[in-house]
Q: 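Handing you a structure now.
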Amino acid sequence: MAGDRALMDRRTGIMAMAAVIAAPAWALKRAATEQVRLTPPQSRAFRAWMLRIVSAQMEGGPSPRWHHRDCAGLVRFAVNEALVPHDAKWLRANGIATDRRLPPELDLTPPQAALRNRWVQSDGQVGHFVTAIALVQNNSRFVSREMGQAQPGDLLFFDQGDEQHLMVWMGGRIAYHTGTNTPTDNGLRTVGLQQLTTWKDTRWQPTVDNPNFAGIYRLSFLS
């Protein structure tokens with residue numbers, strides 16, 4: 001009996017491991033950790049600043065302060081910069097005009113301000129860098145695969161098997177970085193939802209029948 005039980009335990013363990021290995025990257029789950037959150041008004045202000053920062057990159061080109069220029073890098077940069085005070089010095093450094101209507105400040109508490117550059121990485125460590133897959137697995141929560149459920153600032157996650165890619169829902173258009181940079185192309189793009197939904201390469205269509213579209217994810221510290 002004891003030998004049979006041990007054999008069953010080993011088989012169960014093997015089957016569980018095989019299921020994890022076979023699961024697509026976007027389907028892997030990690031235990032949720034307690035986290036400081038922004039209040040609903042702070043979350044609205046954060047979203048507005050995040051979109052304003054992404055828009056500034058699209059309009060004026062990448063800020064010299066933005067390193068690691070790829071899809072995850074765009075999200076990290078916009079999120080981190082949305083969590084700082086946006087005084088006149090910051091506006092000048094980011095090329096954002098003061099005569100535009102700017103979002104309200106977030107007025108963060110010290111624990112909330114400490115969210116900046118504190119990404120949970122794939123190995124559970126916390127640091128300033130995070131990959132696209134770890135950004136959604138460890139730092140976001142799944143919302144839906146229906147675009148009608150997306151809110152501005154939400155992330156569209158595409159899993160192509162050997163690589164993953166993030167896009168940012170801007171509320172009317174979708175912003176992303178191609179992952180490549182050349183002297184004549186900074187890699188930044190925006191595309192309309194209808195255009196992307198009918199994209200010739202169906203792997204990039206944000207539709208429920210596209211197995212490469214993992215869905216919409218929302219940053220976990222947002223209310």
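The basis for the numbers below is simple: all heavy atoms, side chains too, and nothing from hydrogens, waters or symmetry mates. We number each residue from 1, following the sequence as shown.
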Q: Check whether more than 12 heavy atoms from other residues, nucleotides or ligands sit under 6.0 Å from atom CZ of R116, and answer yes or no.
A: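 Result for CZ/R116: enclosed.
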Q: Can you list everything that forms a side-chain contact (heavy atoms from CB on, under 4.5 Å) with Q125? Sequence neighbours excluded, please.
A: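 By the side-chain contact (heavy atoms from CB on, under 4.5 Å) rule, Q125 matches Q121, D123.
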Q: So Q205 and N210, side chain to side chain donor-acceptor pair (under 3.5 Å) or not? Walk me through it.
A: CA-CA 7 Å; Q205 295 178 358; N210 175 15; over 6 Å; no
Q: Can L83 be reached from F129 by stepping across I, L, V, M, F, W or Y side chains whose heavy atoms are under 4.5 Å apart?
A: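 Cluster IDs for F129 and L83 differ.
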Q: Would you say I174 ends up clustered with W199 if hydrophobic residues are merged whenever their side chains have heavy atoms under 4.5 Å apart, either directly or through other cluster members?
A: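 Both belong to a single hydrophobic cluster.
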Q: What residues form a side-chain contact (heavy atoms from CB on, under 4.5 Å) with I53, not counting sequence neighbours?
A: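 Checked I53 against side-chain contact (heavy atoms from CB on, under 4.5 Å); matches are Q57, F77, A78, E81, A82, W90.
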Q: Are R47 and L222 side-chain neighbours, meaning at least one heavy-atom pair lies under 4.5 Å?
A: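 The answer is yes, as the side chains (C-beta and beyond) meet within the 4.5 Å cut-off.
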Q: Under a 3.5 Å threshold, yes or no: a donor from one side chain and an acceptor from the other, between N186 and N181?
A: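 Not at all, the side chains of N186 and N181 share no donor-acceptor pair under 3.5 Å.
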Q: Taking a hydrophobic cluster as the set of Ile, Leu, Val, Met, Phe, Trp and Tyr residues connected by side-chain heavy atoms closer than 4.5 Å, whether directly or through intermediates, do L219 and V84 fall within one such cluster?
A: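 Shared cluster, yes.
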Q: Search all heavy atoms of A72 against all heavy atoms of V130 and return the closest pair with its distance.
A: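 Heavy atoms only, the tightest pair is CB-O, 4.0 Å.
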Q: Can W119 and H128 be said to form a ring pair (Phe, Tyr, Trp, His ring centres under 6.0 Å), step by step?
A: CA-CA 6 Å; W119 299 104; H128 70 280; over 10 Å; no
Q: Are V36 and L38 co-members of a hydrophobic cluster defined by side-chain heavy atoms under 4.5 Å apart?
A: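 Same cluster.
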Q: Looking only at non-hydrogen atoms, find the nearest pair between A45 and P104 and report the distance.
A: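 For A45 versus P104, the nearest heavy atoms are CB-O, 3.6 Å.
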Q: Please find out if less than 6.0 Å separates the ring center of F142 from that of F157.
A: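 No, the ring centres sit 6.0 Å or more apart.
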Q: Between R203 and Q160, what is the shortest heavy-atom contact and its length?
A: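 Closest approach of R203 to Q160, heavy atoms only: O-NE2, 3.4 Å.
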Q: Is there a donor in the side chain of T39 and an acceptor in the side chain of Q42, or the other way round, less than 3.5 Å apart?
A: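 Distance-only check passes for T39 and Q42.
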Q: Considering the options L156, V75, T190, which one meets the side chain to side chain contact (heavy atoms under 4.5 Å, CB included) requirement together with M167?
A: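 Answer after filtering L156, V75, T190: L156.
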Q: Hey, does E146 have a side-chain heavy atom less than 4.5 Å from the side chain of I216?
A: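 Side chain of I216 against side chain of E146, heavy atoms only: no contact under 4.5 Å found.
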Q: Residues in ring pair (Phe, Tyr, Trp, His ring centres under 6.0 Å) with H165, at least two apart?
A: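 Partners of H165 by the ring pair (Phe, Tyr, Trp, His ring centres under 6.0 Å) criterion, ordered by chain and then number, come out as W204.
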Q: Provide the full list of salt bridge (Lys or Arg N to Asp or Glu O under 4.0 Å) pairs with a residue in residues 205-217, sequence neighbours left out, each pair given once.
A: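 Qualifying pairs, neighbours excluded: none.
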Q: Among residues two or more places apart or on two chains, list those pairs meeting salt bridge (Lys or Arg N to Asp or Glu O under 4.0 Å) that have a residue in residues 213-223.
A: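 Listed once each, the pairs are D154-R218.
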Q: For a 4.5 angstrom cut-off between non-hydrogen side-chain atoms, does L193 reach Q195?
A: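 Answer no - side chains too far apart.
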Q: Show every salt bridge (Lys or Arg N to Asp or Glu O under 4.0 Å) that has at least one partner inside residues 82-92, sequence neighbours left out.
A: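 Residue pairs with at least one partner in residues 82-92: there are none.
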Q: Taking H177's backbone N and O only, do any of them form a donor-acceptor pair with R189's side chain (distance below 3.5 Å, no angle check)?
A: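 Not a single qualifying donor-acceptor pair exists.
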Q: Could you report the tightest heavy-atom contact between W169 and L51, atom names first, then the distance?
A: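 Here W169 and L51 meet closest at O-CD1, 4.3 Å.
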